[in-house]
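Predicted model, so just to flag it, every value in this text is computed and none were measured.
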Amino acid sequence: MPLHPETVSAPLSPSGYRQGVTNQPHPPTPLTEAPELFTWEFATDPYPAYAWLREHAPVHRTRLPSGVEAWLVTRYADAKQTLADNRLSKNPAHHDEPAHAKGKTGIPGERKADLMTHLLNIDPPDHTRLRRLVSKAFTPRRVAEFEPRVQELTDQLIDRFADRGSADLIHDFAFPLPIYAICDLLGVPREDQDDFRDWAGMMIRHQGGPRGGVARSVKKMRGYLADLIHRKREALPATPDPGEDLISGLIRASDHGEHLTENEAAAMAFILLFAGFETTVNLIGNGTFALLTHPEQRARLQTSLAAHDTALLESGVEELLRYDGPVELATWRFATEPLTIGGQDIAAGDPVLVVLAAADRDPERFADPDVLDLGRRDNQHLGYGHGIHYCLGAPLARLEGQTALATLLTRLPDLRLAVDPPELRWRGGLIMRGLRTLPVEFTPVG
């Protein structure tokens with residue numbers, strides 16, 4: 001039975017998934033036949049389908065809702081090898097794409113907005129050069145210095161709904177926290193940050209559906225970043241401040257022989273915002289949902305936090321990244337020459353998508369992979385990738401995730417879902433995995 005979406009009769013929603021299927025609880029029920037991919041049922045709980053693919057078609061060619069055909073890599077060993085294979089390029093120029101698929105493998109609008117030269121679309125040596133410039137902002141020391149601001153933002157957001165006794169944790173908390181944090185890191189003035197929140201919200205709401213809304217937001221963001229870079233360059237002091245923002249640092253590097261063009265600076269700021277907020281939105285949202293539906297693990301973590309022990313919080317966030325992480329598929333790669341992955345021949349020009357969510361539940365690598373265990377040891381998950389494209393912002397995302405979850409569970413100790421899990425909906429899209437809403441209730445706190 002083919003795994004293409006056109007084999008199913010249910011109608012496609014605007015986001016590319018089929019409507020009418022509700023949430024199913026974990027652990028997944030083993031499938032006895034080939035699954036249907038890219039349905040609403042699949043979006044809600046893809047893990048049974050990924051288990052079937054790992055066993056029966058670990059490197060599988062399928063047609064995506066966009067019409068692009070790509071290889072899905074689902075086993076851990078194959079995934080880790082693929083993520084580090086330099087014969088797979090991040091540059092879309094290597095895609096042997098038919099006319100109907102042109103421009104459908106990246107972020108909508110980034111081509112027209114001249115934002116293609118960012119870390120998700122380039123290879124060494126340019127990737128090495130640009131990553132080196134930005135990596136200074138994500139060192140353990142810089143992230144540790146940013147911790148008080150993350151805690152301040154976390155408390156401010158909870159303060160806004162703590163006395164209500166209810167909230168949508170996506171809209172009220174998980175979404176604004178990383179937006180404001182990454183804006184602070186980049187150097188976006190506080191008075192402009194709500195504009196960024198609006199543009200980012202448009203990107204999340206429309207991912208996987210009509211591309212016009214995302215493209216318009218990308219265009220607006222590009223125009224703003226160009227103007228901000230110009231204004232910061234005009235006002236740049238001769239010597240950097242100790243806590244200089246990232247955009248100012250990029251400008252300073254480009255003005256001192258690092259050959260960073262204005263387009264590269266704008267593209268870098270754009271992708272740090274784009275990639276830096278949604279992963280954390282989903283980490284907080286998916287992680288909170290997992291804890292609320294696994295009361296014994298949630299109680300275990302609350303007991304640990306009450307004893308001022310952070311060890312379980314740290315290992316717990318890693319387990320939440322593995323169990324139901326924010327990034328379902330790694331971003332696009334394209335074969336620059338014929339190669340073989342997991343015994344399957346891949347032609348030059350073919351797109352390859354590593355399914356991180358499938359690899360991180362591979363029983364060949366993880367014992368009891370469908371069980372949530374916050375104290376899991378030897379948890380070398382692929383939630384933030386592997387190799388030279390390992391997520392640059394992972395330390396900041398971990399800090400935000402740990403701070404958000406610890407503060408929620410401490411300040412709102414009886415936090416609970418306000419709806420049955422089957423009523424929740426997951427956002428349509430290809431790369432990211434996250435809830436549309438997460439309604440909760442709790443005892444109001446003044």
Side-chain angles (χ1 to χ4, degrees), residues 15-17 43 46 105-110 115 118-121 138 150 153 157 168-186 188 193-209 211 213-218 220-221 225 267-289 317 320-321 324-332 353 356-357 382-385 389-401 403-405 424-438:
S15 67
Y17 291 127
T105 59
I107 299 168
E110 64 178 358
L115 289 170
H118 57 67
L119 291 174
L120 298 186
N121 284 341
F138 296 100
V150 173
L153 285 169
L157 290 168
D168 172 5
L169 281 187
I170 302 299
H171 180 270
D172 296 328
F173 184 66
F175 178 69
L177 174 59
I179 282 288
Y180 293 140
I182 198 69
C183 280
D184 279 355
L185 196 67
L186 288 171
V188 176
Q193 292 185 5
D194 283 338
D195 288 335
F196 268 73
R197 177 176 175 167
D198 291 342
W199 296 330
M202 183 67 70
M203 291 177 183
I204 280 191
R205 284 192 296 273
H206 288 276
Q207 273 187 15
R211 299 169 70 84
V214 182
R216 283 191 296 272
S217 295
V218 169
K220 289 177 182 177
M221 194 178 291
L225 288 171
M268 183 68 72
F270 165 73
I271 201 59
L272 288 173
L273 177 73
F274 187 86
F277 84 88
E278 193 174 2
T279 51
T280 308
V281 175
N282 295 345
L283 169 58
I284 297 170
N286 298 5
T288 303
F289 175 64
V317 166
L320 293 169
L321 284 162
D324 198 11
V327 184
E328 190 165 343
L329 283 76
T331 49
W332 296 85
L353 291 166
L356 305 178
L382 300 176
Y384 283 124
H389 291 283
Y390 182 84
C391 178
L392 191 65
L396 177 60
R398 286 186 167 105
L399 168 64
E400 292 170 337
T403 304
L405 293 172
L424 295 173
R425 293 292 180 270
W426 297 78
R427 286 194 302 272
L430 186 65
I431 302 298
M432 301 290 186
R433 171 167 173 77
L435 288 160
R436 291 176 179 269
T437 61
L438 186 56

> Do side-chain atoms of N286 reach the backbone of D324 as a donor and acceptor pair under 3.5 angstrom?
Replying inline: yes
> Between atom CG of D198 and atom CD1 of I179, what is the distance when rounded to the nearest 0.5 Å?
Replying inline: 9.5 Å
>> Any non-hydrogen side-chain atom of F175 less than 4.5 Å from a side-chain atom of N282?
In response: no
>> Assess the residue pair F196 and V188 against the criterion (side chain to side chain contact (heavy atoms under 4.5 Å, CB included)); give the C-alpha distance rounded to whole Å, side-chain angles, the decisive distance to 0.1 Å, and a yes or no.
In response: CA-CA 9 Å; F196 268 73; V188 176; 3.9 Å; yes
> Looking at side-chain heavy atoms only, is the closest gap between L424 and F289 below 4.5 Å?
Replying inline: yes
>> Within this structure, what is the CG-OG1 distance for the pair L353 and T331, rounded to the nearest 0.5 Å?
In response: 8.5 Å
> How far apart are the closest heavy atoms of L438 and D168, and which atoms are they?
Replying inline: N-OD1, 2.9 Å
> Are any of the side-chain heavy atoms of L405 and L320 separated by less than 4.5 Å?
Replying inline: yes
>> With rounding to the nearest 0.5 angstrom, report the CG to OH distance, L157 to Y180.
In response: 7.0 Å
> When you look at E328 and L356, which way does the side chain to side chain contact (heavy atoms under 4.5 Å, CB included) test go after all the steps?
Replying inline: CA-CA 6 Å; E328 190 165 343; L356 305 178; over 6 Å; no
> Side-chain contact, heavy-atom cut-off 4.5 Å: T280 with P326?
Replying inline: no
> Roughly how far, to the nearest 0.5 Å, is the SG atom of C391 from the CG atom of L382?
Replying inline: 13.0 Å
> If we only count heavy atoms from C-beta on, is the L435 to R427 side-chain gap below 4.5 Å?
Replying inline: no
>> Tell me the closest heavy-atom pair linking A174 and G285, and the distance in Å.
In response: CB-N, 4.2 Å
>> Does the Lys NZ or Arg CZ of R433 fall within the cation-pi geometry relative to W426 - under 6.0 Å from the ring centre and within 45° of the axis?
In response: yes
> Are any of the side-chain heavy atoms of I170 and R436 separated by less than 4.5 Å?
Replying inline: no
> When rounded to the nearest 0.5 angstrom, what distance separates OG1 in T288 from CZ in F173?
Replying inline: 7.5 Å
> Mind checking whether L177 and I284 have side chains closer than 4.5 Å, heavy atoms only?
Replying inline: yes
> Do you know which two heavy atoms are closest between G385 and Y390, and how far apart they sit?
Replying inline: O-CD1, 3.4 Å
> For the atom pair CG (L225) and CG (L186), what is the distance rounded to the nearest 0.5 Å?
Replying inline: 8.0 Å
